[in-house]
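Working notes, beginning with the structure itself.
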Amino acid sequence: MKITYDPKADALYIALWGAKAPFRTVDAGRGVHLDFNDSGKLAGLELLGASEHLPADDLARIGKPSMPRTLGELEKETGITAETWKKLCQAKRVPATKRGRDWVVELADALNYMESRAPSGRPARRRKARRALTR
């Protein structure tokens, strides 16, 4: 069993064993999510708003989840090339550390970057099409 706490998200996660994704997540109530593995066994529990239910001292002692990814792994998971991730790391748009020859990015930081990206593509040429996009 492994317990992690992310203070940024104020979320506590209890992994019952080293089961890997994919999970089927069930909303069990206000801020409580249960993860079941593909055979239907309970694999983990997530508590959102953990600071409302648990003492701050206890939460401070629990470690933040660490899921480092190399740029090659990020390329496979996100579809963004490793070269692009390298440029983002060098420009300090994504927090990263260098371990030997490899850049390593925390998965949470990569996902935060992915969510903050502006939509790509050029705007429609026709006014009617632009109006449909803004509705």
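Computed from a predicted structure; not experimentally measured.
- Residues that satisfy the side chain to side chain contact (heavy atoms under 4.5 Å, CB included) test with Pro68, not counting sequence neighbours, are Ser66, Arg99, Val104, Glu106.
- Using a distance-only test at 3.5 Å, with no hydrogens or angles considered, a donor-acceptor pair links the side chain of Thr78 to the main chain of Leu74.
- Remark: Glu77 engages Arg69 in a side chain to side chain donor-acceptor pair (under 3.5 Å) (not counting sequence neighbours).
- Annotation: side chain of Ile14 is in contact with side chain of Leu16 (closest heavy-atom distance under 4.5 Å).
- Contact of the Thr4 side chain with the Leu12 side chain is not registered, since no non-hydrogen atoms from C-beta on lie closer than 4.5 Å.
- Ala96 is linked by a side chain to side chain contact (heavy atoms under 4.5 Å, CB included) to Cys89, Trp103, Val105, counting only residues two or more places apart in sequence or in another chain.
- For the pair Leu48 and His33, the tightest heavy-atom approach, listed with the atom from each and the gap, is CD1-CE1, 3.6 Å.
- The closest donor-acceptor contact from the side chain of Asp10 to the backbone of Ser51 lies under 3.5 Å.
- Remark: Tyr113 pairs with Trp85 by the ring pair (Phe, Tyr, Trp, His ring centres under 6.0 Å) rule, at least two apart or across chains.
- Within the structure, salt bridge (charged side-chain N to carboxylate O under 4.0 Å, His left out) pairs that include any residue of residues 39-59 comprise Asp58-Arg61 (at least two apart or interchain).
- Within the 4.5 Å cutoff, no side-chain heavy atoms of Leu71 are placed close to those of Asp102.
- Among all heavy-atom pairs drawn from Tyr5 and Leu59, the shortest one is CD2-O, 3.6 Å.
- Applying the side chain to side chain donor-acceptor pair (under 3.5 Å) criterion to Thr97, with sequence neighbours excluded, gives no partner residue.
- Residues Val26 and Arg24 form a side-chain contact, since some pair of their non-hydrogen atoms from C-beta on lies under 4.5 Å apart.
- Annotation: side chain of Leu42 is not in contact with side chain of Asp35 (no heavy-atom distance under 4.5 Å).
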